[in-house]
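Taking it in order: structure first as structure tokens, then the write-up.
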Amino acid sequence: MRLTVREVILGLRRAPLLSALSILTIAFSLFAFGLFGLVALNVSRTLRTIEERVEIRAFIADGTPVEAVSAAVGDIAAFPEVARVDMISPEQALARARKELAEFNDVFDADVLPASLEIRLKPGYRDPKTVQAVAARIRTYTFVDDVRYGEDWVRKLYNIRNVAGATGLVLGIAFAAVAVIIIGSTIRMTVLARAKEISIMRLVGATDGFVRRPFLIDGFVKGVVGGVLALLLAWLAHSLMDRYLIQTTFFDRSMAIVGVVSGGFIGLLGSAVSVGRHLHEV
Amino acid sequence: MIRFTHVTKEYPRTGIALNDVSFRIGKGEFAFLTGPSGAGKSTILKLVFMEEKPTSGDVRVSGMHASEIKRHEIPLLRRRLGIVFQDFRLLEDRTAAENVAFALEVTGAPRDTIPSRVSRLLTQVGLASKGTSYPRELSGGEQQRVAIARALVNDPMVLIADEPTGNLDDRATRGIFQLLRDINAAGTAVLMATHNLDLVRRSDYRVIEVNRGQIVFDSADSADAAEPLPPTSA
Ligand SMILES: Nc1ncnc2c1ncn2[C@@H]1O[C@H](COP(=O)(O)OP(=O)(O)OP(=O)(O)O)[C@@H](O)[C@H]1O
Ligand SMILES: [Mg+2]
């Protein structure tokens, strides 16, 4: 073990520039990944709170008999997607509107607001497609004048989340591939610089695993350092955004750990590839 | 212990280096491998420590067959051999003692036993006082002694030496040769490729002469082993 640690430190000291380059590439690839990850994370967190408020509102035509509406309420409440149905009388609607929009108090008049049904969906059924389907079913009641469910912004938010997630994933993978290649070639240079040492190791009976180990540790350590750096950069970006743009949440601890460890694995993979290639040539 | 049976070795670009070579080396034996440059001596030694595989025929070393050995078993084989080259192959940035210790660390020897074993080995090769010297501070003969000490760390059954005196003057050559004789006297077999016919003639060890990839003479084959050496083409 002490031998291994010594080899890692030697490796850093022998090629400080190359080591820095490997660390930075890993840091930037994870940073790019992290930025888009942050966007996706925040959008989906917002989505979740908004989703809880997703409701379908069915406006009821004037003069509809109360029994017809109550029967419909019973029907709709039995839909598998529906959590609850509330009937809102014109008076209740008015009271709510007054409370929410106090500035416009005078504008509202009891007769302007129609009676409506407020339908809330169960969790898992709040995506645009399901909402739309349920809305369509409710629309089939003849006494229902109109159905609203904020289709546009629900769909937009979903799109933003998906695009951010996919972009982050694609860019992250592309950068990670570049990082693997760069760290692979920097470690390859160290391997070549130490070819004599490796050949002597093999001559005196070192196993491939023993020869490989210091390089793998070297790569892993560089990757972890790169990962920590990426985390710092992402945190910086997050704080700036928080301060000057909008309130955002940061990765929680387990996500941060996963990020740093992936850096380690990128480094490990890069080293494994280049050392493996060298060992197969000799 | 070492047995070659109808061994042929063909290199991808240079063609046939060994052609139908058969011989065996027993426990504790000392044998010279001689012959002109390019005859195939180094190739034979590489086959012994399995850096190369035979194209056909069988190479058996310490119970392991070249045709069956797995890549991960080769290090285990090498730990039963000691290998020494003309160019010493020491690490320049390590002292004599560290170079010897390196071979022990690599094979996972218990840490606390390493210093005493290293100093015992350096004493054995006559370098007790040079442990802290770097290779560049040592003469060629001394560097080769360090290499030999390193080759002995695992108490090998056989020491493989490819022209160990090739870079040395007469005095150093005699010193190294005497050291190899002592090692052999203590029970380790020695297989040594050399151009130095003086050494060969002055001792009565077995001589295997190779020419153009074939064994053209083996003193162990001649019933009257006392017969003087044939003239060589080197
Ligand atoms: N790695 C290799 N690849 C291709 N050809 C090789 C290789 N090693 C040796 N040869 C060829 O095999 C033949 C035998 O070479 P070898 O090194 O065994 O000779 P040698 O008897 O040790 O010579 P010397 O006394 O000069 O060291 C030569 O023709 C050489 O060109
Ligand atoms: Mg040779």
Side-chain angles (χ1 to χ4, degrees), chain A residues 1-19 184 186-221 268-269 271-282, chain B residues 45-46 48-52 61-62 64 69-85 87-94 98-112 114 118 121 135 146-157 159-162:
Chain A
M1 193 59 210
R2 238 176 59 206
L3 182 71
T4 311
V5 171
R6 193 178 70 200
E7 301 295 329
V8 169
I9 293 169
L10 269 179
L12 278 173
R13 210 180 299 154
R14 275 181 189 132
L17 222 72
L18 286 179
S19 306
T186 60
I187 290 209
R188 177 142 181 87
M189 287 187 223
T190 353
V191 169
L192 289 180
R194 296 173 58 190
K196 183 178 178 190
E197 199 175 327
I198 292 176
S199 78
I200 291 172
M201 282 187 183
R202 292 166 53 84
L203 205 63
V204 297
T207 58
D208 284 353
F210 185 91
V211 173
R212 207 179 273 134
R213 203 167 59 196
F215 293 102
L216 295 188
I217 292 180
D218 190 18
F220 186 78
V221 168
L268 199 65
L269 189 65
S271 320
V273 169
S274 59
V275 181
R277 206 163 51 168
H278 181 76
L279 284 178
H280 261 270
E281 282 164 7
V282 294
Chain B
L45 298 184
K46 284 179 192 167
V48 171
F49 58 85
M50 301 205 183
E51 186 177 308
E52 296 286 349
V61 180
S62 175
M64 292 164 136
I69 197 165
K70 307 235 163 43
R71 188 181 162 90
H72 69 90
E73 292 169 330
I74 292 179
L76 304 180
L77 171 73
R78 296 210 179 140
R79 291 175 198 183
R80 294 186 215 159
L81 310 174
I83 310 170
V84 173
F85 294 98
D87 57 359
F88 322 135
R89 303 203 185 173
L90 300 175
L91 292 166
E92 305 299 331
D93 57 353
R94 289 173 210 239
E98 285 166 354
N99 265 283
V100 178
F102 183 68
L104 283 165
E105 288 163 356
V106 150
T107 50
R111 285 218 134 257
D112 47 337
I114 291 180
V118 168
L121 286 159
V146 176
I148 291 171
R150 181 181 65 193
L152 295 177
V153 290
N154 292 312
D155 293 322
M157 327 174 53
L159 191 70
I160 313 285
D162 197 349

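Order of the sequence lines sets the chain letters (A, B, ...), proteins ahead of strands, with each chain counted from 1.
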Please round to the nearest 0.5 Å and tell me the distance separating atom [atom1] of [X] and atom [atom2] of [Y].
X        : Y        : atom1 : atom2 : answer
A/His280 : B/Arg71  : NE2   : CZ    : 5.5 Å
A/Ile200 : B/Arg150 : CD1   : CZ    : 5.0 Å
B/Phe49  : A/Leu203 : CZ    : CG    : 6.0 Å

[X] versus [Y], closest heavy-atom pair with distance:
X        : Y        : answer
B/Val106 : A/Gly205 : CG1-C, 4.2 Å
A/Lys196 : B/Glu92  : NZ-OE2, 3.7 Å
B/Phe102 : A/Met201 : CZ-CG, 3.3 Å

*For the residue pair B/Arg94 and A/Glu197, establish whether any side-chain heavy-atom pair is separated by less than 4.5 Å.*
yes
*Which region of B/Asn99, side chain (C-beta onward) or backbone (N, CA, C, O), has a non-hydrogen atom less than 4.5 Å from a non-hydrogen atom of chain A, or is it both or neither?*
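Contact with chain A is absent: no heavy atom of B/Asn99 under 4.5 Å.
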*Check each atom of B/Leu90 against the heavy atoms of chain A and say whether the ones under 4.5 Å are side chain, backbone, both or neither.*
backbone
*Would a distance-only check, ignoring hydrogens and angles, find a side-chain to backbone donor-acceptor pair under 3.5 Å from B/Arg78 to A/Arg202?*
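Between the backbone of A/Arg202 and the side chain of B/Arg78 there is a qualifying donor-acceptor contact (under 3.5 Å).
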*Look at B/Leu91, B/Leu104, B/Ile74 and state which one has the largest set of heavy-atom pairs under 4.5 Å with chain A.*
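Of the candidates given, the most pairs with chain A belong to B/Leu91.
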